[in-house]
Amino acid sequence: MTDLFAQYPLLTALIALVTLGAVFGAVLGFAAERFKTEGNPIVDQINAILPQTQCGQCGHPGCRPYAEAIANGEAINKCPPGGEAGIQALADLLDVEAIPLDEEHGEESVKKVAYIREPECIGCTKCLQACPVDAILGAAKQMHTIITSECTGCDLCVEPCPVDCIDMVPAEEEGLQSWHWELPDPVARKVEIIATDAPRDEAA
Amino acid sequence: MADVSYRELSFNGLWKNNPAIVQLLGLCPLLAVTGSVVNAIGLGVATIMVLVCSNTSVSLIRNIVSDAVRLPAFVMIIAAAVTCIELLMQAFAYEMYQILGIFLPLITTNCVILGRADGFAAKHGLGPSIYDGFIMGVGFTAILVLLGGLRELSGTGALFANMDLLFGPGAANWEMVVIADYQPFLLAILPPGAFIFTGLIIAVKNLIDDRIKKRQDALKEKPVKGSKRVRVTGTIS
Amino acid sequence: MRITSPHAHGPMSTPRVMLNVLLATVPGIVVMTHFFGFGTLVNILWGGLVAVACEALALKLRGRPLGFYLKDYSALVTATLLCIALPPYSPWWLIAVGIASAILLAKHLYGGLGYNPFNPAMAGYVILLISFPVQMTAWAPPRGVGELPGLLEALQACFTPAAFDGVTMATPLDVMKQNNSLLVKDLWQQNPQFGRWAGVGWEWANLAFLAGGAWLLYKRIFTWHAPVAMLAALTLMAALFNDGGSSASGGSPLFHLLSGATMFGAFFIVTDPVTSAVSVRGRLVYGAMIGALVYIIRVRGNYPDAVAFAVLIMNFAAPFIDYYTQPRTYGHQRSGGGE
Amino acid sequence: MRKIYGFHGGIHPPENKHQSLRSPIADAGIPPELVIPLSQHIGAPSRAVVAVGDRVLKGQMIAEPSGFVSVPVHAPTSGTIAAVEDRQIAHPSGHAAPCIVIASDGRDQWIEHGGKADYTSLDKAELLERIRNAGIAGMGGAGFPAAVKLSVKPDIKIETLIINGTECEPYITADDVLMRERAGEIIEGTNILRHIVQPHETLIGIEDNKPEALAAMRAAAEGSDIDIVEFPTKYPSGGEKQLIEILTGKQVPSGGLPADVGVICQNVGSAVAIRDAVVDGRPLISRITTVTGEGVAQPQNFEVLLGTSMHYLLDKAGYSAEKNRRLIMGGPMMGFTVPSPDVPIVKTTNCLLAPAESELPTPPPAQACIRCGMCAEACPVTLLPQQMFWFAQGKEFEKLELHNLFDCIECGACSWVCPSNIPLVQYYRASKAEILQLRRDTEKSEHSRIRFEARQERLAKEEAEKEAKRAARKKAAEERAQQAATAGGDEDPIQAAIERAKAKKAAQQAGGGEVSELEKLEKAVATTRKRLETATGKLETAKAEGSDLVEALQTGVDKTKAKLEAAEKALHDYQQANSGEQAKPAAPTDAAQAAIEKAMAARAADASLSPEDKARGQLEKLRQRLEKSRTKLAESRENGDEEKIIEALEATVERLSQKVAEAEKQLQETEGA
């Protein structure tokens with residue numbers, strides 16, 4: 001290849017280019033060494049968005065591993081507890097498009113907490129081992145109970161229970177304290193937002 | 001990476017990943033020179049040639065050039081290819097060369113070309129790279145010509161004017177007056193028209209894609225809900 | 001369905017606002033018809049028809065209930081405002097293209113009423129102006145200067161433009177702009193279209209629009225801030241650069257206030273709520289910038305009248321202005337966007 | 001004349017006050033039943049101190065405060081406690097809340113009580129205690145406990161005491177008539193407040209649309225330092241923050257209290273209640289409520305016992321339910337629709353509005369926001385309501401907070417002026433609630449993360465300890481072996497090692513074999529299921545066509561079903577046995593893997609099944625579980641485990657048997673259907 005260029009009359013231009021190339025190459029090499037980034041701060045930000053239920057529905061053992069996986073390019077729609085809002089937050093953070101929840105990983109549902117029907121508990125400690133946040137109180141052959149305020153509602157304790165005494169109940173019952181006004185229903189009040197243009201089939 | 005389906009490549013270049021209306025690369029020439037079909041063809045052909053040349057060269061040297069300096073190297077290759085095409089055009093289609101003006105040398109900075117060089121040719125063998133360059137160029141040109149046609153038609157009421165600039169004197173009478181007595185609609189010829197029409201083309205493409213997707217989704221089986229869960233807490237003894 | 005407080009509602013409603021605006025244009029239209037013949041009226045009638053059709057089409061395509069949205073009269077307002085701005089005796093296709101651009105491109109492609117960043121009427125006007133400069137600058141001579149076509153001729157001009165052979169002449173603003181040899185005084189004497197303060201007809205049309213605007217102000221359809229700021233800025237600019245009537249003069253403040261679309265723009269375009277700034281200070285800035293731009297474009301730009309361009313440019317800037325003119329909330333020290 | 005300051009925005013809705021001002025305050029009388037909610041104020045609900053069947057006297061405390069921001073509740077009349085239970089209360093949600101129900105005996109017998117006419121002899125703390133014990137909570141509508149409001153930190157000097165006689169909402173005249181008829185009591189109450197607060201100046205703010213009230217108050221305040229200030233009518237001048245700005249020109253800092261700018265504000269109603277509490281020793285058991293609107297024949301003001309049913313009160317004013325579409329507690333601007341007229345009057349019920357549909361029509365559907373900015377002009381706290389509306393629609397909570405959403409007082413002025421009928425206030429209320437919810441969620445998730453990480457750490461540490469112990473044991477064993485080797489021959493350990501390796505290999509092979517076995521079973525289940533599906537499909541079409549093959553097909557389907565069941569059972573059994581076997585000895589990852597597969601398989605089976613199959617699967621599962629529990633029970637019995645465990649297991653077995661029975665029934669039903 002050099003021969004080809006050597007025969008070419010624009011030798012000076014070539015030399016200039018080569019020199020430039022060398023100089024820029026050196027700068028590049030220096031920059032590559034000097035400004036090497038270590039670690040990935042984005043993981044922490046992603047982890048902060050994930051709901052920390054540690055439920056494993058995403059296919060990763062815990063929220064942080066999933067955060068790491070997302071940082072490495074995994075889809076952001078595998079977290080049912082985070083729901084559409086979580087996906088939207090992740091999409092905003094990562095500047096990608098928000099996609100609907102992957103149903104293979106479960107469905108978004110109301111927040112729940114585990115509840116042990118205490119008379120039926122035999123004190124096997126299996127649920128204690130299953131709980132990712134140590135929210136179950138108990139010891140061998142002693143009745144167990146859930147610390148409701150610590151429970152993330154991951155339901156990992158339900159399956160191991162040999163006597164099937166754990167129920168998942170809605171975390172907050174709709175009552176006077178938890179009630180609040182909802183946003184006006186865009187369909188009923190015909191308050192249009194541009195996004196409602198999309199499902200045309202229903203509107204037409 | 002070895003086996004690349006040419007079918008896939010064609011589909012990518014022409015539709016799914018069309019450089020002009022999906023990747024939205026090379027908008028500057030796309031919007032600037034598509035006032036008429038002939039301009040669009042001229043720039044499109046030039047782009048195809050440059051793309052093929054650059055993809056070929058990049059694919060050939062992909063294992064020699066180190067990662068840190070690959071961009072400067074690619075740009076040099078592209079610049080050289082563009083200069084060659086420019087000289088060729090000067091020799092064989094001088095009027096066209098003059099009409100396209102600055103946009104011909106600007107092909108160097110057309111993102112389609114650098115994008116394909118870095119995104120495809122730098123990772124694939126010679127054959128696929130050449131084909132990819134060609135088909136991406138064709139996809140780009142198709143949109144250029146479509147846009148040019150739409151703008152020419154709505155701007156002047158005629159089509160294929162001045163084809164002789166590109167195809168020799170024989171093509172001088174190719175012009176078709178579609179609507180007689182047409183009041184020139186300057187907006188279509190001016191850059192805003194290019195934006196509006198590009199937007200419309202993208203909208204139509206998305207519409208078609210949506211339809212296709214809906215039909216496919218209807219056929220697809222529903223995935224099993226919650227089947228990919230894992231247990232985070234290890235053994236339960 | 002639970003209804004939140006408040007349970008009472010004020011008398012104002014969007015259709016009422018729009019109807020009031022339509023009513024307020026009447027004096028201006030009457031004066032224009034008096035001075036320029038039935039051209040404007042035909043424009044408005046045909047334009048209104050096209051506008052309703054376009055609106056209905058867009059609503060249909062977007063799957064919206066037709067009746068509910070047509071009843072807000074916003075399409076009619078857009079059409080009326082655009083048609084007032086068009087030269088009388090414009091051909092039907094010109095009006096149709098303008099209305100279609102305004103309603104479909106400038107309004108519905110952005111999401112419909114309330115979502116459009118640009119004033120639809122002015123967007124339509126500018127699209128026409130840059131697309132068909134010849135037709136858009138062909139103004140009929142006013143009463144007393146040239147012969148006024150009758151109603152039939154006006155209809156002919158609109159629907160069979162090829163058969164209509166109307167006389168057109170440059171508007172006073174145009175003459176003033178093109179002039180670089182005559183003193184302003186001589187200009188006045190040599191050109192019949194100049195009237196007492198500005199152009200024949202133009203001055204009265206402007207005063208009529210001023211009256212309509214004052215009525216809207218009285219009805220509290222909008223606040224005084226933006227229009228007054230615009231007129232003040234325009235006056236100030238004209239006064240600052242007024243050299244007393246040399247050949248390079250841009251014209252006196254009075255000339256600018258009563259020429260072209262000044263009053264119409266100040267009270268019917270600048271006050272368009274959707275595309276203007278919202279806070280009080282924001283509206284002052286917004287109006288003043290438009291006034292200044294109108295003078296600059298009239299005197300230095302390529303097109304004779306400048307309201308449309310000035311408004312569109314400031315439409316761009318409205319959110320920015322809003323951001324920097326956020327009012328201080330009760331109980332807060334200066335916070336938010338700052339001054 | 002004092003300088004009157006203005007505030008930004010405000011509106012002038014039609015007042016409609018004259019209707020209820022035609023007659024003086026009427027006594028509503030004693031209804032047969034009183035329902036007294038335990039939470040009539042902002043803060044913690046009170047705690048009931050009476051039981052069903054107790055006889056209570058008028059003015060007796062029936063619920064005690066349960067915190068600092070809380071007040072007691074008193075019996076409004078004498079009678080017996082009929083119930084302490086959840087009843088529907090006046091709340092926009094229509095939810096029920098704990099209430100004490102008193103069946104009145106009509107005797108209206110007072111408990112022994114006494115006040116102190118010479119209140120100046122009491123010190124501040126004593127007075128506050130009396131106010132608190134009288135259960136006085138803001139009568140203006142918000143229901144903030146008066147004593148809490150009055151007990152400012154000692155380092156804050158109160159410059160101005162403001163008595164709020166503004167009542168800016170349309171229709172309501174409760175404070176107006178109170179000022180007309182009981183001006184002296186208001187002034188007396190004000191003097192008590194002055195004694196507590198010791199302000200520089202005392203202002204009573206009254207709007208200029210109440211000339212009679214102004215005159216009466218002026219006459220009553222004659223000769224005192226109390227300044228009656230008249231100012232132009234505008235809604236919402238009666239808002240505490242707005243009134244403070246009007247009278248003093250000061251603005252309460254965002255998130256702060258009036259005391260931060262040296263102001264304390266009390267309603268005229270509270271002033272009277274305070275007077276009654278201090279001078280007469282009478283707790284807050286009644287209030288003045290306006291009953292108005294075209295839905296009632298005689299709109300007027302009533303002195304009504306707390307706990308009276310709204311229906312009872314409305315009937316007194318000649319209520320006709322047909323004329324009235326919705327019943328509003330409070331005014332038309334800030335009141336809320338009550339779920340039914342049977343809910344009780346509470347301390348904050350200043351008005352019952354029963355408008356006709358023509359009077360306050362149902363809002364028409366909202367139109368697009370045209371950014372007219374009328375809402376921004378009307379907003380009394382200088383917000384940008386239309387910007388907040390866009391952000392609320394897009395759920396852009398950060399921007400909402402930046403635009404000071406939490407300074408919104410929900411006065412409704414923006415919605416009132418909105419030409420497009422957008423329910424702006426609802427957007428703000430919903431967004432506020434959602435932001436608060438989000439904050440709680442974030443806190444909780446952070447907490448969970450810390451706990452999870454702590455647990456992981458703990459497990460790792462335990463593992464490390466175990467590892468260390470094992471290493472130590474191994475080392476010891478090696479040492480012993482070495483000793484043995486030096487003592488005996490050196491062939492033995494090598495032999496042992498080889499054998500160990502062999503055994504390991506064998507075990508691994510067995511494990512591998514098991515996996516393939518599992519796969520085989522799974523495959524069998526899958527294919528059988530597919531076959532079943534095709535067969536069912538065929539059967540369906542045959543049935544539809546009325547083919548005579550139906551019978552044959554039916555048997556085929558049944559057979560396949562049975563096969564599927566068998567296959568599934570085999571798979572399940574295998575899995576169970578397998579996981580049971582593997583769980584202990586194998587490495588933790590293996591068990592986890594098995595668990596995952598099990599869960600996956602179970603879920604896959606669940607999701608792809610028809611309801612009928614699902615029910616059957618459920619039944620099968622239950623049966624298995626029952627079986628398991630039974631074996632366990634037997635085992636426990638054999639081992640002679642603790643009684644408790646056996647009992648629990650027995651209970652489980654019983655419960656599961658029931659479940660099985662239920663499932664069987666359900667299955668039959670599904671099949672029948």
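Below, chain A is the first sequence line, B the second, and so on; all start at residue 1.
The two atoms that bring A/T148 and D/K444 nearest to each other are O-NZ, 4.2 Å, heavy atoms only. D/S445 and A/P51 get closest at one heavy-atom pair: CB-O, 3.2 Å. A pairwise comparison of heavy atoms in A/W181 and D/P92 identifies CZ2-CB, 3.7 Å as the closest pair.
Taking a 6.0 Å sphere around CD of D/E654, one finds it holds 12 or fewer heavy atoms contributed by other residues, nucleotides or ligands. Environment of CD in D/E398: sparse, with no more than 12 heavy atoms of neighbouring residues, nucleotides or ligands closer than 6.0 Å.
Interatomic distance, CZ of D/R451 versus SG of A/C151, reported as 10.5 Å (0.5 Å rounding). The CG atom of A/N47 sits 7.0 Å away from atom CD of D/E453, with the distance rounded to the nearest 0.5 Å.
Under the 4.5 Å side-chain criterion, counting only non-hydrogen atoms from C-beta, A/K111 is in contact with D/D441. Taking 4.5 Å as the limit, every side-chain heavy atom of D/R429 sits out of range of all side-chain heavy atoms of A/H180. Under the 4.5 Å side-chain criterion, counting only non-hydrogen atoms from C-beta, D/Q426 is not in contact with A/L183.
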Going through the distances and angles, do A/D134 and D/R455 end up as a salt bridge (charged side-chain N to carboxylate O under 4.0 Å, His left out)?
CA-CA 7 Å; A/D134 288 337; D/R455 181 189 145 101; 3.2 Å; yes
Would D/R655 and A/R117 count as a side-chain contact (heavy atoms from CB on, under 4.5 Å) here? Give the steps.
CA-CA 12 Å; D/R655 197 163 38 74; A/R117 289 194 301 275; 3.6 Å; yes
Is there a side-chain contact (heavy atoms from CB on, under 4.5 Å) between A/T53 and D/S448? Walk through the geometry before answering.
CA-CA 7 Å; A/T53 49; D/S448 302; over 6 Å; no
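Interface remark: D/K395 contributes side-chain atoms only to the contact with chain A (heavy atom separation under 4.5 Å). Of the atoms belonging to A/L50, it is backbone heavy atoms, and not side-chain ones, that fall under 4.5 Å from chain D. In this structure, the portion of A/S149 lying under 4.5 Å from any heavy atom of chain D is its backbone and not its side chain. Both the backbone and the side chain of A/D164 come within less than 4.5 Å of a heavy atom in chain D.
Per-residue heavy-atom pair counts under 4.5 Å with chain A were compared for D/A433, D/S431, D/A392, D/S420, and the maximum is reached by D/A433.
A/Q52 and D/H447 are not linked by any side-chain donor-acceptor pair at a separation below 3.5 angstrom, with hydrogens and angles left out of the test.
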